[in-house]
Amino acid sequence: MPELPEVETVRRTLAPAVGAKVSALWSSGLPLHMKRPLDVDALRRASVGASIEGVRRLGKYLLIDFSRRSDSVLVHLGMTGRLRLVRASEPRGAHTHVVWTLSGGRELRFSDPRRFGQVGVASRGAEREHPALRRLGVDPLAGELTGALLHLHALARRTQLKTLLLDQSIIAGIGNIYASEALWRAEISPTLRSYRLSRERADRLARAVVAVLRRALTKGGTSLRDFVDADGLEGNNAGYLSVYAREGEPCPRCKAAIRRKVIQGRATFYCPRCQRV
DNA sequence: AGACAAACCTGTCTGC
DNA sequence: TGCAGACAGGTTTGTC
């Protein structure tokens with residue numbers, strides 16, 4: 001579900017939790033990401049008794065910082081994960097796996113039916129040494145993504161361009177929806193071999209990636225089924241998708257029928273006429 | 001190097 | 001109505 005715009009939307013809607021003090025932590029005890037059990041003790045040490053100082057985002061990961069604690073809480077939403085700020089009186093839905101009890105009668109809850117998400121801790125100030133964050137590439141919303149950089153990485157690889165876009169060690173935050181959308185916007189075929197990407201098209205693609213992510217963010221993210229922000233609100237970007245999940249519909253640019261093709265095991269949508277190899 | 005499949009899980013939708 | 005199968009926004013791991 002959540003790619004960079006969705007994760008950033010969650011981060012922003014968690015702002016009202018800043019300053020809240022954590023009094024307790026509960027866990028379902030079920031393992032999350034890759035069947036690894038939650039380190040509940042580490043989570044408690046990092047958060048219980050402290051106040052939330054801020055929430056940061058690295059790629060699709062969220063980092064929650066606490067006062068006077070050397071570890072931050074690390075959250076990845078996986079496919080169906082939700083991080084919600086609710087009143088403690090609100091009923092706890094199924095698939096709730098971690099709950100932080102906050103001051104002011106509120107709770108921060110992590111739920112995830114498929115349990116592909118992650119909740120853990122990372123050393124504050126040395127987050128980048130965490131295995132999950134060590135190899136993250138540039139952040140497209142931080143102005144770090146340039147055509148030159150994208151071109152450099154593309155030249156070094158022979159893979160299909162869409163696969164390159166999904167590689168978090170190059171650009172952190174693009175997922176399956178926005179990979180298709182950015183390639184459509186840049187008018188480049190998802191199957192183009194990376195090393196054949198011209199510098200000019202790399203510039204265009206870099207701009208397209210940023211534009212597509214920025215617009216999605218202004219719409220509060222894309223909700224196709226599961227995504228909601230910390231307040232439980234769905235995003236409004238789904239209606240602005242040009243090709244994703246629109247197989248057979250006319251291309252908004254040239255009216256040719258949009259096609260679906262599996263690349264790297266993931267559904268990929270593109271216009272066969274105006275996206276050229 | 002890279003393509004591919006499977007694995008981790010549950011829910012939903014489709015077609016018979 | 002029931003059931004099987006396909007599919008889902010992510011990441012890791014293993015095989016060829």
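All chains are named by letter (A, B, ...) in the order of the sequence lines, taking the proteins before the strands, and each is independently numbered beginning at 1. Worth knowing before you read on, the calculation uses all heavy atoms, side chains too, and leaves out hydrogens, waters and symmetry mates. No experiment lies behind these values; they were computed from the predicted model shown.
- Residue R260(A) places its side chain closer to dC7(C) than to any other of dT11(C), dC7(C), dT13(C).
- Residue order along DNA chain B, read from the 5' end via each residue's closest nucleotide, puts R193(A) first among R193(A) and H33(A).
- Checking the phosphate oxygens (OP1, OP2) of dA3(B), a side-chain nitrogen or oxygen of T159(A) falls inside 4.0 Å.
- Nucleic acid contact for R266(A): base, since at least one base atom lies under 4.0 Å from a heavy atom of the residue.
- For the pair F269(A) CZ and dA8(C) C1', the computed distance is 11 Å after rounding to whole Å.
- For the OP1/OP2 pair of dG10(C) and a distance below 4.0 Å, the side-chain nitrogens and oxygens of R114(A) include no atom meeting the criterion.
- S198(A) OG to L155(A) CG: the interatomic distance, rounded to the nearest 0.5 Å, is 10.0 Å.
- Across the protein-nucleic acid pair, L165(A) atom CG and dG2(B) atom P stand 14 Å apart, rounded to whole Å.
- Among the heavy atoms of the strands, none lies under 4.0 Å from R135(A).
- Straight-line distance from the CE atom of M34(A) to the P atom of dA6(B): 15 Å, rounded to whole Å.
- Ring-to-base geometry does not place F116(A) in a stacked arrangement with dC9(B) (centre distance under 5.5 Å, plane angle under 30° required).
- At a threshold of 4.0 angstrom between heavy atoms, the contacts of G265(A) with the nucleic acid are absent.
- A donor-acceptor contact shorter than 3.5 Å is absent between the side chain of R246(A) and the backbone of Y270(A).
- The NZ atom of K162(A) sits 9 Å away from the P atom of dG10(C) (whole-angstrom rounding).
- Rounded to the nearest Å, the gap between the P atom of dC9(B) and that of dC3(C) is 24 Å.
- Between the side chain of Q275(A) and the main chain of P190(A), no donor-acceptor pair closer than 3.5 Å is present.
- For the OP1/OP2 pair of dA1(B) and a distance below 4.0 Å, the side-chain nitrogens and oxygens of R157(A) include no atom meeting the criterion.
- In this structure, the CZ atom of F110(A) is 12 Å from the C1' atom of dC9(B), given to the nearest Å.
- Residue Y178(A) is out of contact with every strand shown, counting any heavy-atom pair closer than 4.0 Å.
- With rounding to whole Å, D167(A) atom CG is found 12 Å from dT11(C) atom C1'.
- Residue K35(A) places no side-chain N or O under 4.0 Å from the OP1 or OP2 atom of dT12(C).
- The nucleotide dA1(B) finds no pairing partner, because no Watson-Crick or G-U wobble arrangement with both distances shorter than 3.5 Å includes it.
- To the nearest angstrom, P of dT12(B) lies 15 Å from CG of L224(A).
- Between the side chain of S180(A) and the backbone N or O of I177(A), no donor-acceptor pair lies under 3.5 Å.
- If you check every strand for non-hydrogen atoms under 4.0 Å, Q160(A) touches sugar and phosphate atoms only.
- For dG10(C), the OP1/OP2 oxygens have no side-chain nitrogen or oxygen of H76(A) closer than 4.0 Å.
- Using a 4.0 Å heavy-atom criterion, one finds that A132(A) contacts no nucleic acid atom at all.
- Remark: P of dC9(B) and CE of M79(A) are 14 Å apart, rounded to the nearest angstrom.
- Formation of a donor-acceptor pair under 3.5 Å by the D112(A) side chain with backbone atoms of F116(A) is found in this model.
- Side-chain atoms of T222(A) and N237(A) form a donor-acceptor pair, as typed in the model, at a separation below 3.5 Å.
- For dT11(C), neither phosphate oxygen OP1 nor OP2 lies less than 4.0 angstrom from any side-chain nitrogen or oxygen of R115(A).
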